[in-house]
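FYI, the numbering just counts along the sequence from 1.
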Amino acid sequence: MTAASALGSWPGNDNAALREAVHVVRDVLTDDSVTGRPGVPYLPEMPGRGPGADMIGRAAGLLVELPVDVQPSGWRFVDRPGRDVSRAQAFLNADLDELAEAYDGYVGPVKFQVCGPLTLAAQVRLHRGERAIVDPGACHDIAASLAEGLRGHLRDVRRLLPGVHPIIQLDEPSLPAALSGEFATSSGFGRIRAVDAGEVVALLGVVVAAARQHTRPEPSTDQEQDANGVIVHCCAPRPPIALLREAGVDAVSLDVGLLGPGGWESVAVAVEAGTQVWAGLLDVGGIGESPALVAAPLLRAWRELGLHADLLNQVVVTPTCGLAAASPAGAVQAHQDLMRVAAEVAAAAG
């Protein structure tokens with residue numbers, strides 16, 4: 001049946017707020033009373049805590065033998081690890097401890113978000129100040145380092161939470177811009193080369209393969225089977241769905257409001273080929289709207305594409321993007337809304 005989840009980020013700026021978010025996500029998304037099926041809980045991210053808790057800093061803390069630090073221009077590669085990476089690692093370790101305490105005895109899926117290699121390369125700068133994505137060798141080093149760090153991260157998850165079946169969400173908001181060469185050089189007078197589609201597939205494939213080593217439990221229940229997978233989340237216009245499928249992902253996470261006719265056609269091809277869709281339906285400004293209104297764009301597109309209604313059972317409904325800009329009460333309400341939207345979609349599936 002249709003499930004609900006969210007994309008990761010939460011409002012708040014301290015560890016106490018993170019602890020509360022972990023418990024809210026657990027309580028709301030593990031409840032099966034609304035849809036007949038629990039949602040997909042996840043480890044919340046709280047970028048309001050500062051550098052190291054943000055998406056880029058979180059991933060920087062996972063990199064192996066590629067130290068980075070915060071400079072005036074943002075995250076940059078440096079010669080040796082500094083306090084900013086140590087802070088990122090401390091945030092993640094503390095958050096995992098909170099998760100382990102809250103999910104003691106839990107058996108089932110939990111999602112973990114990690115910035116993908118293309119977005120990381122687009123946002124972290126080389127020593128000379130240019131975006132790392134300008135250098136193909138640096139891109140490959142980042143992908144390999146991130147893959148190794150992700151393996152270690154998931155080993156920690158398995159150790160702390162032996163009953164959890166991890167799902168990995170790779171966040172790639174910069175992917176369309178990387179493919180079309182939209183990033184300016186550091187001088188502002190030129191454009192960084194467009195990354196070749198084959199190179200994108202190779203870079204993503206390295207990280208997807210590393211994640212899959214720890215996201216394939218021996219299935220013994222339908223829930224465990226559903227929990228298998230690596231998702232790529234791209235909330236930008238023109239998400240390259242076919243390319244993501246070629247990279248081997250199990251699911252694509254999209255803002256459905258940004259999909260034009262071509263995007264929906266790619267969704268239809270992906271769904272019929274067995275790729276799961278995580279449909280971003282709930283905008284922060286739409287929290288509290290009726291479930292039928294929120295679900296309507298997905299259900300309308302499904303009918304127009306001629307997709308079988310029962311394929312809606314494979315959809316996971318999410319917000320259109322992270323919830324860091326919401327109020328704490330709004331973030332809680334969003335999760336409750338999403339469970340009701342999932343019930344609406346499930347009813348349409350029959």
For this session: Give a yes or no on whether Leu258 and Ile241 share a hydrophobic cluster (residues Ile, Leu, Val, Met, Phe, Trp, Tyr; joining criterion: side-chain heavy atoms under 4.5 Å apart).
Result: no
Exercise. Atom CG in Leu160, atom CG in Asn93: separation rounded to 0.5 Å?
Worked result: 9.0 Å
Problem set entry | Side-chain donor or acceptor of Arg131 paired with backbone N/O of Ala122 under 3.5 Å | yes
For this session: For the residue pair Val249 and Ile231, establish whether any side-chain heavy-atom pair is separated by less than 4.5 Å.
Result: no
For this session: Might you work through the side chain to side chain contact (heavy atoms under 4.5 Å, CB included) test for Asp250 and Gln276, ending with a clear yes or no?
Result: CA-CA 6 Å; Asp250 301 291; Gln276 192 179 41; over 6 Å; no
Exercise. Rounded to the nearest 0.5 Å, how far apart are OG of Ser33 and CE of Met339?
Worked result: 7.0 Å
Problem set entry | Pairwise side-chain contact, Arg158 with Leu154, heavy-atom cut-off 4.5 Å (strictly under) | no
Exercise. Leu118 and side-chain contact (heavy atoms from CB on, under 4.5 Å): which partner among Ile142, Leu175, Leu170?
Worked result: Leu175
For this session: Write down the atom of Met46, the atom of Asp14, and the distance for their closest heavy-atom approach.
Result: SD-O, 3.6 Å
Exercise. Does Asp255 offer a backbone N or O that forms a donor-acceptor pair with the side chain of Thr320 under 3.5 Å?
Worked result: no
For this session: With side chain to side chain contact (heavy atoms under 4.5 Å, CB included) as the test, would you mind laying out the steps for Val201 and Leu243 before giving the verdict?
Result: CA-CA 7 Å; Val201 169; Leu243 184 151; 3.8 Å; yes
For this session: Check the pair Thr185 / Val134 against side chain to side chain contact (heavy atoms under 4.5 Å, CB included), numbers first and verdict last.
Result: CA-CA 9 Å; Thr185 58; Val134 75; over 6 Å; no
For this session: Check whether any side-chain heavy atom of Pro173 sits under 4.5 Å from a side-chain heavy atom of Met55, and report yes or no.
Result: yes
Exercise. Taking the side chain from Asp171 and the backbone from His233, do they hold a donor-acceptor pair closer than 3.5 Å?
Worked result: no
For this session: Kindly check if the number of other-residue, nucleotide or ligand heavy atoms within 6.0 Å of CD (Glu130) is above 12?
Result: yes
Exercise. Step by step, would you call Phe77 with Leu63 a side chain to side chain contact (heavy atoms under 4.5 Å, CB included)?
Worked result: CA-CA 11 Å; Phe77 289 110; Leu63 292 176; 4.2 Å; yes
Exercise. Would you say the side-chain atoms of Trp278 pair up with the backbone N or O of Val317, donor to acceptor, closer than 3.5 Å?
Worked result: no
For this session: Compare every heavy atom of Ala88 with every heavy atom of Gly61, then report the nearest pair and how far apart it is.
Result: CA-CB, 4.2 Å
Problem set entry | Atom NE2 of His308: over 12 foreign heavy atoms under 6.0 Å | no
For this session: Indicate whether any N or O donor in one side chain lies under 3.5 Å from an N or O acceptor in the other, for Glu45 and Ser9.
Result: no
Problem set entry | Cation-aromatic face contact Arg49/Phe91, 6.0 Å, 45 degrees | yes
Seminar exercise, completed: Which of Leu150, Leu99, Ile167 passes side-chain contact (heavy atoms from CB on, under 4.5 Å) with Phe112? It is Leu99
Problem set entry | Residue from Cys139, Cys115, Ser174 passing side-chain contact (heavy atoms from CB on, under 4.5 Å) with Leu120 | Cys115
For this session: Examine distances only and state if a side-chain atom of Arg212 and a backbone atom of Gly248 form a donor-acceptor pair shorter than 3.5 Å.
Result: yes
Exercise. Within a reach of under 6.0 Å around CZ of Arg83, are more than 12 heavy atoms found that belong to other residues, nucleotides or ligands?
Worked result: no
Exercise. At their closest point, which heavy atom of Val341 faces which heavy atom of Ala295, and how far apart are they?
Worked result: CG1-CB, 4.1 Å
Problem set entry | Non-hydrogen atoms of Asp27 and Asp31 that approach each other most closely | O-CB, 3.6 Å
Problem set entry | Pro117 vs Leu204 side-chain heavy atoms within contact, under 4.5 Å | yes
Problem set entry | Separation between CD of Glu101 and CZ of Arg26, rounded to the nearest 0.5 Å | 9.5 Å
Exercise. Just checking, any donor-acceptor pair under 3.5 angstrom between side chains of Glu182 and Ser180?
Worked result: yes
For this session: Please check if atom CD in Gln71 has more than 12 non-hydrogen atoms from other residues, nucleotides or ligands closer than 6.0 Å.
Result: yes
Problem set entry | Exam field: side chain Ser145 to backbone Asp141, donor-acceptor pair closer than 3.5 Å | no
Problem set entry | Flag, side chain of Arg245 to backbone of Thr275, donor-acceptor distance under 3.5 Å | no
Problem set entry | Over 12 foreign heavy atoms within 6.0 Å of CD, Gln89 | yes
Exercise. Cut-off 3.5 Å, side chains only: do Ser253 and Gln169 have a donor facing an acceptor?
Worked result: no
Exercise. Which heavy atom in Leu126 sits nearest to a heavy atom in Ala138, and how many Å separate them?
Worked result: CD2-CB, 3.9 Å
For this session: Indicate yes or no: at least one non-hydrogen side-chain atom of Pro44 is less than 4.5 angstrom from one of Asp95.
Result: no
Exercise. Hey, what's the ring geometry for Trp10 with His335, parallel, tilted or perpendicular (30° and 60° as the breaks)?
Worked result: tilted
Problem set entry | Donor-acceptor under 3.5 Å (Asp69 side chain, Val78 main chain) | no
Exercise. Rounded to the nearest 0.5 Å, how far apart are CG of Leu305 and CD of Glu265?
Worked result: 7.5 Å
Exercise. With hydrophobic residues grouped by side-chain heavy-atom distances under 4.5 Å, do Leu254 and Leu179 end up in a single group?
Worked result: yes
For this session: Please confirm whether the backbone N or O of Thr318 pairs with a side-chain atom of Ser5, one donor and one acceptor, at under 3.5 Å?
Result: no
Exercise. Where is the tightest heavy-atom contact between Val206 and Ala143, given as atom of each residue plus distance?
Worked result: CG1-O, 3.8 Å
For this session: Starting at CG of Asp156, measure out to CG of Leu161 and round the result to the nearest 0.5 Å.
Result: 10.5 Å
Exercise. Hey, does Glu172 have a side-chain heavy atom less than 4.5 Å from the side chain of Val200?
Worked result: no
For this session: Examine Leu43 and Leu7 and state if one hydrophobic cluster contains both, with Ile, Leu, Val, Met, Phe, Trp and Tyr joined whenever side-chain heavy atoms are less than 4.5 Å apart.
Result: no
For this session: Using only heavy-atom distances, determine whether the side chains of Asp337 and Gln333 contain a donor-acceptor pair under 3.5 Å.
Result: yes
Problem set entry | Check: Val22 and Leu18 side chains under 4.5 Å, non-hydrogen atoms | yes
Exercise. For Pro47, does its backbone N or O pair with a side-chain atom of Asp54 as donor and acceptor, under 3.5 Å?
Worked result: no
Exercise. Are any of the side-chain heavy atoms of His153 and Leu96 separated by less than 4.5 Å?
Worked result: yes
Exercise. Rounded to the nearest 0.5 Å, what separation is found between the CD atom of Glu344 and the CG atom of Leu298?
Worked result: 11.0 Å
